Amino acid sequence: MEKERIGENLTEMELMYLKTLARQYPTIASASTEIINLQAILNLPKGTEHFLSDIHGEYEQFNHVLKNGSGSVKYKIDEEFGNTLSSRDKKSLATLIYYPQEKLELVMQQEDNIEDWYKITLHRLVQITKRVASKYTRSKVRKALPKDFSYIIEELITEKAEVQDKEAYYNEIIHTIIRIGSAPGFIIALGELIQRLVIDHLHIVGDIFDRGPGPHIILDTLQEYHSVDIQWGNHDMVWMGAASGHLACIATVIRMAARYGNLDTLEDGYGINLIPLVTFAMETYKDTNCDVFAIKYNTDYNTKDLRMDMKMHKAMTILQLKLEGQLIKRHPEFHMDDRLLLDKIDYEKHTVLIDGKVCEMKDVDFPTVNPENPYKLTPEESQLMERLRQAFVHCEKLQRHIRFLFSKGGLYKVHNSNLLYHGCVPMDEEGNFRTMEIDGRRYGGKELYDVLEHYARKGFYNRHNISEKRKGQDMIWYIWAGPNSPVFGKDKMATFERYFVTDKETHQECKNSYYRLNDNEEILNRILREFGLDETKSHIVNGHVPVELKKGETPIKCGGKLLIIDGGFSKAYQGKTGIAGYTLVSNSHGVRLVAHETFESKEDAIQKESDIFSDSIVIERAVSRVQVADTDIGGEIIESIHHLELLLQAYQDGSIVERLE
């Protein structure tokens, strides 16, 4: 039966909604003004989106790419000044925008006539600020302005029709800024504002954690960023599991930190007390050979800790294998029995049975492993893991960062005709979506992403049902390392083999069929349709697997329908990739992929004015400039306009009464 109509057009529910909306817009005038404002916004150019992936703790390179907008700042400088500035002056201006405070300190030491420099520089910065602000409403720019200089900046970047001698007016403002000693602060404010306005929204397509030294610094930066979303990577997932208190994830996080010489991230970055682990490792592994557990350290690593870290590395590896074994046994539906190898070791012969093949082992000196019950923790190991669990779940900074990942993130995102995910959509050899059984039902494609994300959130947030929380935590671990995980994308994680087995054939981890099929248009169209996207005008943005440029691999698949933007931010991968990462920029003119050179240091960037933006490939050029109306936000604005027009109609036909002050 059709709902009763109220007035001419409104149902009871619609009227209730409009009455709620009327609290925000209580008069015909206020509703009309908002309609006009929103309609104007629809006709502005779309904001610039910036896509980064696989940052892996490399915070200095990350911060630099964030500051330069993957070349977006330089593009704005070129657009504004063309050939009127030398390339050297453009580089200096760009560096000043990236690092205004640090660059100012150098300039003040070197410049003979600082007032002239201030005058020239302020004029140039104001011109760039005008350009980057031009695609936004005055209201949005006003919200972005630094508090201390908001009024003056607004005066300088707003065209004043009523002022006859505009040049004299603006010159006098700048002259006064210099005369009263405010120029340095003003330059810093303008540099940071340009950085803020040149990028409208940031997408992080997974893997903030592990390998590099500063994931905590990256997350601090992201928490302050004006607009960001995050697609979880497998390395993010294992940290999310660790923060929830999951023992196998905690052991994995510490093992990887030890392996890459990054225990400082845990101790100094997050304040997690590792003394119980040091004590345990030095006592339990005192007379144990740890040669297999070398540390892959960088130049900042203090080698005096090497012997101790190798023992900690071994201790956590054994703990990880034990805890994973327990988990696999309680989840036969994970189909990961091939990862149960501690019970396949022949300690007398120094061999292990893997897939029916006897393999020689490099190390069988495991003082805490009982061959009769190899997955059981010793009392000392249990006590250690409980102390570490308490340290992780009570670390305020880590908890804050992981809550941020949950609030801003997910396993995938559909945004402005782009599908973003970190790893792969699991597929079989024919390109059909592989399925996984969870609670008696099989899930594949988008449904698999959704159910895994649902359980991940349960694993972190559920406080009332312990069994559901534990199941969710185990699922987080599966997302990290399971053969059907969308963010892992391999048949196994060969941790045991890589440490202990001499036969390198056993080290192989076979990639999901997706990676063989991802240059096939029919397959990509199937994926786009699965996530509700129009296959004729959509892209997939993919992280996770480094593009080995040295081997002739390309990040552009199927004519640009799929873009792989992991090119090796992490120094650990740069020897293989030959570059230092890809990023993607999508603006009102089109889409371009940016390849980056190796980033030396922040100091080099400031003193030598070096930049890491190296090469830009145009993926798609817009026939006509893309407007806000063409974006997802535009769709929301159009819907808001529709509701406001209904409210206007309700005011006019008397269904709702204006509230005049």
Side-chain angles (χ1 to χ4, degrees), residues 49-58 62 202-212 215 218-219 222 228-241 249 252 256 402 404-415 418-427 433-434 436 445-446 448-457 475-490 493 509 511-515 517-518 524 527-528 530-531 533 539-547 555 557 562-570 572-573 577 581-584 593:
E49 297 173 68
H50 194 190
F51 301 75
L52 280 71
S53 175
D54 297 86
I55 303 156
H56 285 300
E58 299 292 349
F62 165 78
L202 176 65
H203 304 280
I204 304 293
V205 194
D207 278 358
I208 294 166
F209 285 98
D210 290 329
R211 297 197 171 91
I218 291 165
L219 278 158
L222 290 175
V228 62
D229 59 64
I230 299 161
Q231 292 69 63
W232 306 329
N234 52 325
H235 287 269
D236 304 320
M237 292 304 311
V238 73
W239 277 77
M240 291 156 79
C249 290
T252 305
M256 285 193 291
I402 299 305
F404 175 74
L405 284 181
F406 273 106
S407 69
K408 293 290 185 181
L411 283 173
Y412 69 92
K413 187 172 183 67
V414 174
H415 187 80
N418 292 315
L419 172 60
L420 284 60
Y421 51 72
H422 180 70
C424 69
V425 180
M427 294 184 149
F433 299 129
R434 280 181 60 177
M436 175 181 176
K446 180 178 178 294
L448 178 61
Y449 279 84
D450 290 336
V451 73
L452 290 175
E453 183 174 322
H454 171 73
Y455 272 103
R457 293 185 187 279
M475 202 65 80
I476 291 174
W477 176 86
Y478 182 89
I479 297 169
W480 149 249
N484 223 27
S485 162
V487 298
F488 177 49
K490 295 179 183 177
M493 192 173 287
E509 299 169 343
K511 292 180 186 176
N512 184 266
S513 299
Y514 166 89
Y515 294 103
L517 300 167
N518 67 4
L524 296 183
I527 293 170
L528 289 167
E530 173 72 6
F531 286 85
L533 283 160
H539 301 95
I540 297 170
V541 183
N542 198 168
H544 186 52
V545 176
V547 178
K557 303 291 183 182
L562 183 145
L563 303 163
I564 300 173
I565 61 167
D566 179 7
F569 245 83
S570 171
Y573 292 134
T577 61
Y582 288 105
T583 55
L584 192 71
L593 187 73

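All residue numbers in this chain count up from 1 along the given sequence. In this text, all values refer to a predicted model and were calculated from it rather than measured experimentally.
- Side-chain contact between Val451 and Met436 is absent, with no heavy-atom pair separated by less than 4.5 Å.
- Counting non-hydrogen atoms of other residues, nucleotides and ligands closer than 6.0 Å to NZ of Lys408 gives a total of 12 or fewer.
- Residue pairs meeting the salt bridge (charged side-chain N to carboxylate O under 4.0 Å, His left out) criterion with at least one member in residues 478-490, sequence neighbours excluded, are Lys490-Glu509.
- Residues passing the side chain to side chain contact (heavy atoms under 4.5 Å, CB included) test with Asn418 are Phe51, Leu420, His539, sequence neighbours excluded.
- In this structure, Tyr514 has no ring pair (Phe, Tyr, Trp, His ring centres under 6.0 Å) partners at least two apart in sequence or on a different chain.
- With sequence neighbours left out, the salt bridge (charged side-chain N to carboxylate O under 4.0 Å, His left out) criterion links Asp229 to no other residue.
- Take Asn518 and apply the side-chain hydrogen bond (donor to acceptor under 3.5 Å, both in side chains) test, not counting sequence neighbours, and it matches no residue.
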Requested in this report: Run the numbers on Ile208 and Leu405 for side-chain contact (heavy atoms from CB on, under 4.5 Å), then give the verdict.
Outcome: CA-CA 10 Å; Ile208 294 166; Leu405 284 181; 3.9 Å; yes
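- Remark: Leu419 engages Tyr412, Val414, Tyr421, Ile527, Leu528, Phe531, Leu533, Ile540 in a side chain to side chain contact (heavy atoms under 4.5 Å, CB included) (not counting sequence neighbours).
- Applying the salt bridge (charged side-chain N to carboxylate O under 4.0 Å, His left out) criterion to Lys413, with sequence neighbours excluded, gives no partner residue.
- Partners of Trp480 by side-chain hydrogen bond (donor to acceptor under 3.5 Å, both in side chains), not counting sequence neighbours: none found.
- For His415, the ring pair (Phe, Tyr, Trp, His ring centres under 6.0 Å) test picks out His201, His203, with sequence neighbours left out.
- With sequence neighbours excluded, the residues forming a ring pair (Phe, Tyr, Trp, His ring centres under 6.0 Å) with Tyr478 are Phe334, listed by chain and number.
- In this structure, the side chain to side chain contact (heavy atoms under 4.5 Å, CB included) partners of Leu202, at least two apart in sequence or on a different chain, are His50, Leu52, Leu66, Ile204, Leu222, Tyr225, Val228.
- For the pair Phe209/Leu219, a side-chain contact is recorded, criterion being any heavy-atom separation below 4.5 Å from C-beta on.
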